[in-house]
Amino acid sequence: MEGGDASGDFDMQLIGNFLSFASRGDRVGLNQMLREGTSPNVQDYDQRTALHLAASEGHAPIVELLLHYNANVNLKDRWQRTPLTDARLYGHRDICRILEVNGGKDFIHDQPLTVRHEQDSNEVNFDISELNTDQSSAVEQGIFGESHKVKWRGTWVVKTVIKSHIYHHPVKMVLSAKDNTLLRELRHPNILQFLGSIVQGEETILITEYLPKGNLEGILSKKVRLDLPTALRYALDIARGMNYLHEHKPFPIVHNHLNFRNLFQDEGDHLKIGEYWVQLFYEQIHPNQSNCQRNDNCSLTSIPPVDTTKDICSFGYIFYQMLEGMHPQSSKKIDLMQLKSLDFEPKFQISRCPKRIKQLIADCTRKDPSKRPKFTGVIEILEEVSACLGRAACPVC
């Protein structure tokens, strides 16, 4: 493959596929890539390895396979966590034993990994005085609050003051300690890192990682539409991040507000999903039907399984517009906050993409939610089409 940029894109795609196999527990796919020479120690932008992901997800056979190929058991991610740190955090004792026998260390074991108890404080290891606003500037960081770039302990982060009238309900927005803990423990290359929250007077302030390259809306405003390889790469980023959230145990984490403005580009030109925490505020305003009223003792961890098909539909809209640019019927960008599947029919007038991609988008945006695929199936199709791009007479396209 010629050209530095193309090679870089190929490498990042290869790394993404490799880490996806580890996260999903796909031993066959991972073993094939290892046999073909992929290093077991490849890292994503967050310096996460396949061993980190397998340890987090509880895939003991994957951990053993990676160790067989001499994976470095003590590589640290950007949060200074080792695979053993993650295995302990998520309670995978069998994996802890495997890692410890192979020399695994937990360099931050003695540091607190969770928030203080609810009765102590809603603040999550953040002191408002630690946020340095001397060089603060407004940034686009989603649609449910006003965001500014500030410094925290020498690192740029984003401070977002949550809107007080989400869904037009004048309710004080406060995350419980359990929700804070859950959100902080989420780790995936394609989700924006949640760092904590602060309650200051009547305001709830969220602190998240800062990504300087903007969001997908900004990318599309400059390029109108994306070429097929780039759109496929972005679609895989979104699908992998959403699959991680939907596969969360014991209950899935739904987004319900997936939008061009809360999909952010990191330094490695991959997308990360933001604002996946908004649904927690929604549950606070509208207690779920199981009579579990939203209060200090009821958090996301006690909410019964919820519908994930809306996220699939939003993904289909986003993927479609990445390929087609403007809505062919209105010559305007699709408004995901207002558009319903009844109003939408994908018509590919501009892009020349494989039939399988056209069918995938049609399936994701079906009027009958029960007919929409899950993100696991979406990922399989995207990976197959990505792998065969450029091949003559590709059977899957």
Side-chain angles (χ1 to χ4, degrees), residues 19-26 53-59 86 89-92 142 144 166-167 175-176 178-194 208 235-259 262-263 271-294 297-319 336 341 360 363-366 368-382:
L19 297 181
S20 178
F21 285 144
S23 179
R24 288 156 44 194
D26 188 335
L53 295 174
S56 298
E57 297 294 333
H59 300 310
D86 285 344
L89 180 63
Y90 291 101
H92 303 306
F144 289 102
I166 292 180
Y167 304 104
L175 290 175
S176 72
K178 288 182 179 179
D179 289 338
N180 270 302
T181 301
L182 182 149
L183 291 170
R184 290 183 68 209
E185 290 177 354
L186 296 176
R187 292 286 189 277
H188 191 275
N190 299 120
I191 67 170
L192 191 72
Q193 186 60 40
F194 177 93
T208 57
L236 267 170
D237 289 339
I238 301 168
R240 286 167 175 159
M242 287 306 308
N243 187 59
Y244 172 79
L245 295 173
H246 283 188
E247 293 297 319
H248 179 268
K249 301 296 186 290
F251 304 120
I253 298 175
V254 295
H255 197 300
N256 275 349
H257 310 284
L258 201 60
N259 192 280
N262 53 39
L263 294 168
L271 295 186
K272 288 192 173 189
I273 300 164
E275 295 195 318
Y276 48 87
W277 45 80
V278 171
Q279 187 65 18
L280 277 67
F281 293 124
Y282 179 82
E283 291 293 341
Q284 176 179 234
I285 298 165
H286 297 284
N288 63 75
Q289 284 73 28
S290 68
N291 295 321
C292 173
Q293 297 298 312
R294 187 73 179 180
N297 298 316
C298 181
S299 68
L300 180 65
T301 54
S302 58
I303 295 172
V306 288
D307 181 22
T308 58
T309 60
K310 183 177 178 180
D311 288 338
I312 290 286
C313 196
S314 295
F315 167 81
Y317 295 150
I318 291 169
F319 194 12
L336 299 185
S341 58
L360 174 63
D363 290 342
C364 288
T365 57
R366 283 182 181 272
D368 182 355
S370 67
K371 302 294 185 182
R372 297 170 190 165
K374 294 185 179 297
F375 275 112
T376 50
V378 171
I379 291 171
E380 289 179 6
I381 293 174
L382 293 174

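Heavy-atom basis, side chains included; hydrogens, waters and symmetry copies ignored. Small disclaimer: the values here were computed from a predicted structure and weren't measured. For the single chain, residues carry numbers from 1 onward in sequence order.
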Minimum-distance pair of heavy atoms, taken over all atoms of Cys313 and Thr365: O-CG2, 3.8 Å
Test item: Gln193 side-chain N/O and Thr208 main-chain N/O as donor-acceptor pair under 3.5 Å: no
Test salt bridge (Lys or Arg N to Asp or Glu O under 4.0 Å) applied to Arg24 - qualifying residues, sequence neighbours left out: Asp26, Glu383
Side chain to side chain contact (heavy atoms under 4.5 Å, CB included) between Ile318 and Ile238, worked out: CA-CA 10 Å; Ile318 291 169; Ile238 301 168; 4.1 Å; yes
Close side-chain approach of Asn259 to Tyr317, heavy-atom, < 4.5 Å: no
Atom pair CG (Leu53) and OG (Ser20), whose distance is rounded to the nearest 0.5 Å: 9.0 Å
side-chain hydrogen bond (donor to acceptor under 3.5 Å, both in side chains) partners for His92, two or more places apart: none
Residues in side-chain hydrogen bond (donor to acceptor under 3.5 Å, both in side chains) contact with Ser56, at least two apart in sequence or another chain: Arg48, Asp86
Test side-chain hydrogen bond (donor to acceptor under 3.5 Å, both in side chains) applied to Asn243 - qualifying residues, sequence neighbours left out: none
Shortest non-hydrogen contact from Arg372 toward Ile312: CB-CG2, 3.9 Å
Nearest-0.5 Å distance, NE2 of residue His257 to CZ of residue Phe144: 4.5 Å
Non-hydrogen atoms of Thr308 and Pro252 that approach each other most closely: CG2-CB, 4.3 Å
Residues Leu263, Lys272; criterion side chain to side chain contact (heavy atoms under 4.5 Å, CB included); working and verdict: CA-CA 6 Å; Leu263 294 168; Lys272 288 192 173 189; over 6 Å; no
Residue list, side-chain contact (heavy atoms from CB on, under 4.5 Å) with Ala55, at least two apart or on another chain: Pro83, Ala87, Ile95, Leu99
For Phe315, all residues meeting ring-ring contact (aromatic ring centres under 6.0 Å, His included), sequence neighbours excluded: Phe319, Phe375
Those residues that, when tested against Glu57, pass side-chain contact (heavy atoms from CB on, under 4.5 Å) (two or more places apart): Ser23, His59, Tyr244
Those residues that, when tested against Leu245, pass side-chain contact (heavy atoms from CB on, under 4.5 Å) (two or more places apart): Leu186, Ile191, Met242, Ile253, Tyr276
Those residues that, when tested against Glu380, pass salt bridge (Lys or Arg N to Asp or Glu O under 4.0 Å) (two or more places apart): none
CG-CG distance between Leu271 and Leu236, expressed to the nearest 0.5 angstrom: 10.5 Å
Criterion side chain to side chain contact (heavy atoms under 4.5 Å, CB included) on Cys364 and Val378, from CA distance to verdict: CA-CA 9 Å; Cys364 288; Val378 171; 4.1 Å; yes
Non-hydrogen atoms of Asp307 and Thr309 that approach each other most closely: OD1-OG1, 2.8 Å
Residue pair Thr181, Glu185: steps toward the side chain to side chain contact (heavy atoms under 4.5 Å, CB included) verdict: CA-CA 6 Å; Thr181 301; Glu185 290 177 354; 3.4 Å; yes
Salt bridge (Lys or Arg N to Asp or Glu O under 4.0 Å) against Lys249, all qualifying residues, sequence neighbours excluded: Glu247
Residues which pass ring-ring contact (aromatic ring centres under 6.0 Å, His included) with His255, listed by chain and number, not counting sequence neighbours: none
Test item: side-chain donor near acceptor, Asp311 and His246, under 3.5 Å: yes
